[in-house]
Number of protein chains: 4
Amino acid sequence: MGHKPGHRPAARLPRETRIAELMAAARQVFRDKGYDDASIAEIALRAGVGEGTLYRYFENKHDLLIKVLEDWYVGMIEDDDRQLRALQGTRDRLHYLIRSHLAVIWREPVFCRLVLVELRAAADYRGSALFQLNRAYARRTLDTIQEAVQLGEFRADVPLSLVRDMIYGCIEHHTWGYLRGDAEFAVDGVAEAITDMICRALAVPAPRPDALAAAIERLEALTQRLSG
Amino acid sequence: MGHKPGHRPAARLPRETRIAELMAAARQVFRDKGYDDASIAEIALRAGVGEGTLYRYFENKHDLLIKVLEDWYVGMIEDDDRQLRALQGTRDRLHYLIRSHLAVIWREPVFCRLVLVELRAAADYRGSALFQLNRAYARRTLDTIQEAVQLGEFRADVPLSLVRDMIYGCIEHHTWGYLRGDAEFAVDGVAEAITDMICRALAVPAPRPDALAAAIERLEALTQRLSG
Amino acid sequence: MGHKPGHRPAARLPRETRIAELMAAARQVFRDKGYDDASIAEIALRAGVGEGTLYRYFENKHDLLIKVLEDWYVGMIEDDDRQLRALQGTRDRLHYLIRSHLAVIWREPVFCRLVLVELRAAADYRGSALFQLNRAYARRTLDTIQEAVQLGEFRADVPLSLVRDMIYGCIEHHTWGYLRGDAEFAVDGVAEAITDMICRALAVPAPRPDALAAAIERLEALTQRLSG
Amino acid sequence: MGHKPGHRPAARLPRETRIAELMAAARQVFRDKGYDDASIAEIALRAGVGEGTLYRYFENKHDLLIKVLEDWYVGMIEDDDRQLRALQGTRDRLHYLIRSHLAVIWREPVFCRLVLVELRAAADYRGSALFQLNRAYARRTLDTIQEAVQLGEFRADVPLSLVRDMIYGCIEHHTWGYLRGDAEFAVDGVAEAITDMICRALAVPAPRPDALAAAIERLEALTQRLSG
DNA sequence: GATGAATGAGAATTCATTCAT
DNA sequence: GATGAATGAATTCTCATTCAT
């Protein structure tokens, strides 16, 4: 056996349990140190296993990061979805989605930065599970808008994906200072402001003045005749 | 120790010239290889100097990257400004700024990714010259909007910085696929769409014209009578 | 990244064994080359391991040197102590300590020079384990002198630490030529001479002449009377 | 010409003047930074010349160090000698020499450390001018002792060189803490103590005075008779 | 004489990953 | 399954010294 007397090997755990423990340890360390400064040795130590054990469950360090972030993402979306289901009305739902995204950044700036810098910028991002998760995440925003379009609340002639980019890009751009750790931001204020702008950008156009004027003219002529 | 016999040292150049050559070589290599895969040795080789020479002019590899990107940025802004000066009208200027930013990404995706990933995410970004350059860059957009507000073309109750975040965040978010190298995007189409949305989000609410109000009043009175 | 195929990794050894082997190899190389000219690569090669292995057990090259010298020092003191225990008498013990120190220099001039030049002159010497070892080493000399003082063999009014400095400083100063490799010295002759001088410097003062003269006078008077 | 417009080359100075300036600058920098941390660039800068100029007057950095230390040494000995000449009496002269050496260490710990670590330990020390200077320096101590021997004040059977080693070795050993910068020492107290010990170690054995010898003889004769 | 731009050999160090036990 | 000792490629950076101008 590969263990020294006095160094009891970690108990043999059911695969799922072991994985959960490893991810918990990794999540902790990644949060504290970021990716580069986190070491496999430290994660293994915190999980109470040998370094080799990590490689039985994860391909490599980067894979471990991905799994940790996916796991975090999934939990986050679930929580989020539960709350979203209770909300009616385009503006309220939109506002919730925006505010919730800002809140995630507020709570987990390190993970958010890792997603943006280590994963999203990687060549293999498209094709990753996180890419899909992200799509699902943003899907809800797109759906909300699409419904509003069908209800006639929002105009139909805007490219949906650009609206999504505008919302998430704006949030991201606005919070970089916070993500870097050198600025703050106000979740609620920003959420309101963005929601307003988006709603305004998507509002159905007021009826065109010319057509309106012509209609009025015709009606007035008619009124004249009838009342004449 | 000085130069070895057999390897004639590179010609003695004035500081500025040498720096320009080194930056040209570095720009080339960074563009081809990105940051991590670029090696000092290769840059020096391409510049036709010894590796040590680089260190006479740049603190280290990262400093070299920063200087290269700053240089590129400055040139870009200058070109841009020249064209901008010729443009009148809020929409045209805004459209130009947006389109031009998209075009930069289109032309130099590698540098853009380097700025976003290697520099903007770094802890010392705020405080860097590039941060300042970026402010200057975005300033023009803010000024254009501010003028429009003063001209009464745009509403006054929107937080300027959020509009900036919306514009640049949207562009960035939209082009990540291209920056990664796994998607395309249409400069012109996107520029139009974003400009439209922004203008719409900022448009002053159509004031109910007096004539319209009067007409409605009359019609309502008539309706009252006819139905009375 | 792990081991390359084709290069079988060195046998997996228990920590202590491996460390012993590495130190043996390092001791060898440091003795042959000194510190600066010793390379990690050579030490690793001689130990039959990869370079990285050294860094599992020693922080860096300098730490390795320190550990090697400490190890050497400890062994030396132990051997020394064993012999010292058998010796009685102030002069014999003192002579042994002095001679033994000279002998160490004679046998290991390179290590001695490394201790004097690389370690003792370093800012963090005080606080190092070697500093403590050295104290223990010199302690025995101080104890010997102190006992002699209590036995009335040595005068009590000399600062102990200065005597220590005198002994070790003298030895060191005298052997620098040998340490540099450009002179010889005679262990035994020097040991005798230094011991003599130290003993003389510490000898209790001869009884005061006046008192002696008076005693003689009294005795002579007595003799006169008796023989008269 | 090798100079840029705006960078006036340093005035052409008489060789001796220029050398003096360069050494002054170097002395300054070596004192502040030690040897390794001193850079040729900084020394040249402080001297107001180009780096290459240093190499017209000194072979290399190490040669410059040597010259600086020699210069310092010479000045020091001269000052010292002037005062020594005024002193009469073995003990006073010895005390002066010891105290003066301690005072030098007190005033210039960095240079002293440089001499001990960078020069004295080097393979080519013997053969260097500093070695000769040092001999001259110590010569005075040897001469003083030798004279005392001839005057009958000191015993003749001690190896002179060992006495020298004892004096200077003791001082050096005692002051290492100060040289490293982690301890203090009291010039006067230490000077007294060392002088005392040395004088005691060299004192002629109290000659049995003739009177004493005669008395003893008589007493012994008497004892003989009485016991006979 | 003065300059200072150009040089480049050289070595320590890291740590994710492997695989014999 | 668990372990953790062994690995080693790969790269930055230094700065005293030279010599063309």
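First the proteins, then the strands, lettered A, B, ... as listed; each starts at 1. Heavy-atom basis, side chains included; hydrogens, waters and symmetry copies ignored.
At least one side-chain nitrogen or oxygen of Arg18(D) sits closer than 4.0 Å to the OP1 or OP2 atom of dA2(E). Taking 4.0 angstrom as the limit, Arg56(A) places a side-chain polar atom (N or O) nearer than this to OP1 or OP2 of dG1(F). Within the 4.0 Å cut-off from OP1 or OP2 of dT7(E), at least one side-chain nitrogen or oxygen of Thr53(B) is found.
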Decide yes or no on side chain to side chain contact (heavy atoms under 4.5 Å, CB included) for Tyr57(D) and Met23(D), but give the supporting numbers first.
CA-CA 10 Å; Tyr57(D) 300 98; Met23(D) 301 233 305; over 6 Å; no

Apply salt bridge (charged side-chain N to carboxylate O under 4.0 Å, His left out) to Lys67(D) and Asp71(D), showing your working.
CA-CA 6 Å; Lys67(D) 295 286 169 44; Asp71(D) 183 58; over 6 Å; no

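Between Leu64(B) atom CG and Asn60(B) atom CG the span is 8.5 Å, to the nearest 0.5 Å. Taking CZ of Arg120(B) as the reference point, atom OH of Tyr125(B) lies at 7.5 Å (rounded to 0.5 Å). In this structure, His62(C) NE2 and Leu119(C) CG are separated by 5.5 Å, a value rounded to the nearest 0.5 Å.
Summarising the geometry, the separation between CZ on Phe58(C) and P on dT14(E) is reported as 15 Å, rounded to the nearest angstrom. Atom CG in Leu13(B) sits roughly 16 Å away from atom P in dA20(F) (whole-Å rounding). Summarising the geometry, the separation between CG on Leu45(B) and P on dT7(E) is reported as 12 Å, rounded to the nearest angstrom. dA16(E) atom C1' lies 15 Å from atom CD of Glu42(A), rounded to whole Å. The nearest whole Å value for the distance from the CZ atom in Phe30(A) to the C1' atom in dA16(E) is 12 Å. Summarising the geometry, the separation between CD on Glu21(C) and C1' on dA5(F) is reported as 13 Å, rounded to the nearest angstrom. A straight line from OH of Tyr57(A) to P of dA16(E) spans 20 Å, rounded to a whole angstrom. Rounded to whole angstrom, the span from the CG atom of Leu64(D) across to the P atom of dC15(F) amounts to 16 Å.
Here Ala44(A) lies out of heavy-atom contact (under 4.0 Å) with every strand.
Note that Lys61(D) lies in the cation-pi zone of Tyr35(D), set by a 6.0 Å cut-off to the ring centre and a 45° limit from the axis.
Of all the heavy atoms in Phe30(D) and Ile43(D), the pair that sits closest is CZ-CD1, 4.1 Å. Here the closest non-hydrogen pair linking Arg18(D) and Thr53(D) is NH1-CG2, 4.1 Å.
Leu54(D) places a side-chain heavy atom less than 4.5 Å from the side chain of Ile40(D).
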Report, one pair per line, the protein and nucleotides 12-14 of chain F atoms (nitrogen or oxygen only) whose separation is under 3.5 Å.
{"residue": "dT12(F)", "atom": "OP1", "partner": "Lys61(B)", "partner atom": "NZ", "Å": "3.3"}
{"residue": "dC13(F)", "atom": "OP2", "partner": "Tyr55(B)", "partner atom": "OH", "Å": "2.9"}
{"residue": "dC13(F)", "atom": "OP2", "partner": "Lys61(B)", "partner atom": "N", "Å": "3.1"}
{"residue": "dC13(F)", "atom": "N4", "partner": "Glu51(B)", "partner atom": "OE1", "Å": "3.1"}

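Secondary structure note: stems in DNA chain F built from 3 or more consecutive Watson-Crick or G-U wobble pairs under 3.5 Å occupy E:2-21 with F:2-21.
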